[in-house]
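Keep in mind the model is a prediction, meaning the values are calculated, not measured.
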Amino acid sequence: MPLNYSKWDQLELSDDSDIEGHPNVDKRSLIRWKQRDIHEKREARKTKISALHAEIACNAVLSPRLHAIRATLGSADGGLIYFQQLVERLQTQPSPEAPPTNAKDQPTYDAMVLSLLLQVWDGAKSLPADEQEAAVLSGIDTHIKQLARHTEKLKKDVVDEENQQKKHITSDDIYEGFDSKYTPAKPPPPPVKNAKIDAPTKTKATKTTEFEVLNPTASNSNAPLPSVTPNHSPDSVEEDELEEELPELTPSLEQFSQLSLWEYTQSFNFIQANRDVVVPGASDALLVAAFRAESKGQFGYAKKCVHQSLLLQYCDKLGKDGVRLFFQKMISGDQRAISVFVNDVEGTYSHLKTRAKAAATETSDVQKEQIQLVPENPSATISFNVPDGPPPEDLRLEGPGTEDLDLEQVREALHMRWDVFQSFPEDLKAALKVGTLDEVNRVLGSMDVSVAEDVVAKLDAAGIMSFVSGGIRDETGDEDKEEDEENAE
């Protein structure tokens, strides 16, 4: 293999003419000064190239947003109203998303778009009302073209700076070609815990005919978003919890699930920084988390989990390069793709919401504990003495056994019984007036256990409930416990 010595043609060496100077300054010092000067220029050029790349990346985010705004303004009725609403939203509810730099007071993407829109409005607001919308569209078109031209200039500047940098070889560029060290690629991150991974299936080889095309990737970039079917659907989440352990969120997925809805750039940047988000089982883990959150009343977080779950599913269905293809469509404002995805998120979340409510109702019906009044033995009875009202002012005690009773104590007891009765809910008061044990038990069964226990204690203390055996038994449907007691006897 022939060796290439052409790179040494660019090596800049110093001859005696470069180091002639003061006789008291030796040649080594002059050489060091010259090398330091070359190094400082090189570092300054690196900084400039990095700044150019950062500005190009920022423009790559702003350009699709401006195109999407222009497309909506041009197609919607009342475009000027949409423009004013957009400006108001950017002013009152801006997104914190900003270019990833350490610059002080770095403006957000929304702030930059707002500044541009305000410039457009300043040029249109002085015109007649029927000309303002056309002026706004024209102004946005102008800024889009200027941004495109400026971006192309930045790219040309990057090429020029890199070419200038290659003209001088320093110690940073020198390396030993035959002493290279092999660094193996990082292994792919593991799947989430309890992920359901389909085993690869063997396929029968078939003979196919391939046709050569000029641009084999063109059709893929414009393909519509595929439909997705998660391994764990909302219908089966609650059933799966009984049959198997479900996928769990990793720390990265928990952060990913907290990202804002419809902020595709934010999600894309997070995926690029966290490889362990796009792993087997991640979308299912998010869907399980959505179902659990919805069951706990955390509705906003549940919808975010559904959003991120479907986002990962779409990336997976689009193939090996699915992440790039999906976010390219979303960030560039592809209205057809965005509409498909938004409708899928809304439909899936609505279905999950319905299933969570149904599961909660089923669980409540099966597991609800009740308090019921049951006589100690079949011969005993429970009756209810419901007061008609407070005791009269001219209360009189008549009949045998009343001679030793204190009139005021009796009046106080009757007052307490009336007050206790009045404190009960209307359905319980109506059941007590009916006077049957079944009717009272029906109302007690609809109450929480703690509330029903308090009601029974008040009925007993106020003398509204009376029984022959002197006690009652609380039955909660525990038949096994009853059988054990009978066997013990």
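- Considering only heavy atoms from C-beta on, M112 comes within 4.5 Å of C58 through its side chain.
- For the pair L86 and R89, the minimum side-chain heavy-atom distance is below 4.5 Å.
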Atom pairs and distances, side-chain donor-acceptor, residues 255-263, under 3.5 Å, sequence neighbours left out:
unit_1 : atom_1 : unit_2 : atom_2 : d
S257   : OG     : L253   : O      : 3.4
S257   : OG     : E254   : O      : 2.7
S257   : OG     : Y301   : OH     : 2.9

Chi angles and distances behind the side-chain contact (heavy atoms from CB on, under 4.5 Å) call for E453, V456
CA-CA 5 Å; E453 288 176 341; V456 171; 5.8 Å; no
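- Looking at S423, its side chain does come within 3.5 Å of a backbone N or O of V420 through a donor-acceptor pair.
- Counting only distance, with no hydrogens or angles, the side chain of N343 and the backbone of S339 share a donor-acceptor pair below 3.5 Å.
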For the pair R65 and D110, evaluate side-chain contact (heavy atoms from CB on, under 4.5 Å) and give the outcome as yes or no after the intermediate values.
CA-CA 10 Å; R65 296 191 180 190; D110 278 3; 3.2 Å; yes
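- A donor-acceptor pair under 3.5 Å is formed between the side chain of S295 and the backbone N or O of F291.
- Side-chain contact annotation: Q313 with S309, donor-acceptor N/O pair under 3.5 Å present.
- Between the CG atom in L52 and the CG atom in L154 there is a gap of 6.0 Å [rounded to 0.5 Å].
- Side chain of Q84 to backbone of Y82: no donor-acceptor contact under 3.5 angstrom is found.
- Between the side chain of S63 and the backbone N or O of N59 there is no donor-acceptor pair closer than 3.5 Å.
- Here K329 contributes atom NZ and R324 contributes atom CZ; the two are 10.0 Å apart, rounded to the nearest 0.5 Å.
- At distances below 3.5 Å, not a single donor-acceptor pair connects side-chain atoms of S126 with backbone N or O atoms of D122.
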Show, in sequence, the C-alpha distance, side-chain angles and deciding distance for V443 and M447, and conclude whether the side-chain contact (heavy atoms from CB on, under 4.5 Å) test is met.
CA-CA 7 Å; V443 178; M447 297 179 176; 3.9 Å; yes
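- Contact record, A124 with Q132: O-CG, 3.3 Å, taken as the closest heavy-atom pair.
- In this structure the side chain of K153 never reaches within 4.5 angstrom of the side chain of R149, judged on heavy atoms.
- The only option from F268, Y264, F270, Y314 that meets the ring-ring contact (aromatic ring centres under 6.0 Å, His included) definition with F327 turns out to be F268.
- Of all the heavy atoms in L444 and I371, the pair that sits closest is CB-O, 3.5 Å.
- Atom CG of residue L286 and atom CD of residue Q308 lie 7.0 Å apart, to the nearest 0.5 angstrom.
- One N or O on the side chain of T151 and one on the backbone of L147 form a donor-acceptor pair closer than 3.5 Å.
- Side-chain contact between L117 and I140 is present, with at least one heavy-atom pair separated by less than 4.5 Å.
- By the neighbour-count criterion of 12 heavy atoms within 6.0 Å, atom CD of E131 is densely surrounded, having more than that number from other residues, nucleotides or ligands.
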For ring pair (Phe, Tyr, Trp, His ring centres under 6.0 Å), just list the numbers for Y349 and H307, CA-CA rounded to whole Å, side-chain angles, deciding distance to a tenth of an Å, and then say yes or no.
CA-CA 8 Å; Y349 176 64; H307 177 277; over 10 Å; no
Is there a side-chain contact (heavy atoms from CB on, under 4.5 Å) between L432 and L459 once you walk through the steps?
CA-CA 10 Å; L432 289 171; L459 288 172; 3.9 Å; yes
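- Note on ring orientation: taking the six-membered ring where Trp is involved, the planes of F326 and F341 are perpendicular (angle over 60°, cut-offs 30° and 60°).
- Of all the heavy atoms in L90 and V113, the pair that sits closest is CD1-CG1, 4.0 Å.
- Counting non-hydrogen atoms of neighbouring residues, nucleotides and ligands closer than 6.0 angstrom, the NZ atom of K48 reaches no more than 12 such neighbours.
- Counted within 6.0 Å of NE2 on H53, heavy atoms from surrounding residues, nucleotides or ligands total more than 12; the atom is thus considered enclosed.
- In this structure, CG on D344 lies 5.0 Å from CG on L310, to the nearest 0.5 angstrom.
- Of the possible donor and acceptor atoms, none in the side chain of E294 sits under 3.5 Å from a partner among the backbone N and O of K353.
- More than 12 heavy atoms of other residues, nucleotides or ligands lie within 6.0 Å of CG in L127, so this atom counts as buried by the packing criterion.
- Residues I271 and L312 meet the side-chain proximity criterion, which asks for heavy atoms closer than 4.5 Å.
- Once rounded to the nearest 0.5 Å, the distance linking CG of L311 with NZ of K304 reads 14.5 Å.
- Using a distance-only test at 3.5 Å, with no hydrogens or angles considered, no donor-acceptor pair links the side chain of S115 to the main chain of A111.
- The shortest side-chain heavy-atom distance between W121 and V87 does not fall under the 4.5 Å cut-off.
- In this structure, H143 NE2 and I69 CD1 are separated by 12.0 Å, a value rounded to the nearest 0.5 Å.
- In plain terms, the two heavy atoms of A431 and V440 that are nearest each other are O-CG2, 3.9 Å.
- Under a 3.5 Å cut-off, the side chain of N274 and the backbone N or O of D276 do not form any donor-acceptor pair.
- Residues D141 and K145 are not paired through a salt bridge, judged by the lack of any N-O separation under 4.0 Å between the basic side chain and the carboxylate.
- Looking at every heavy atom in both residues, G333 comes nearest to A68 through CA-CB, 4.4 Å.
- At a threshold of 4.5 Å between non-hydrogen side-chain atoms, the residues R355 and L352 do not count as touching.
- Considering every non-hydrogen atom in both S332 and P64, the closest pair reads CA-CB, 3.4 Å.
- Side-chain contact check for E97 versus T108: every heavy-atom pair is 4.5 Å or farther apart.
- Classification of R442 and D438 as a salt-bridged pair fails, no side-chain N sitting under 4.0 Å from a carboxylate O.
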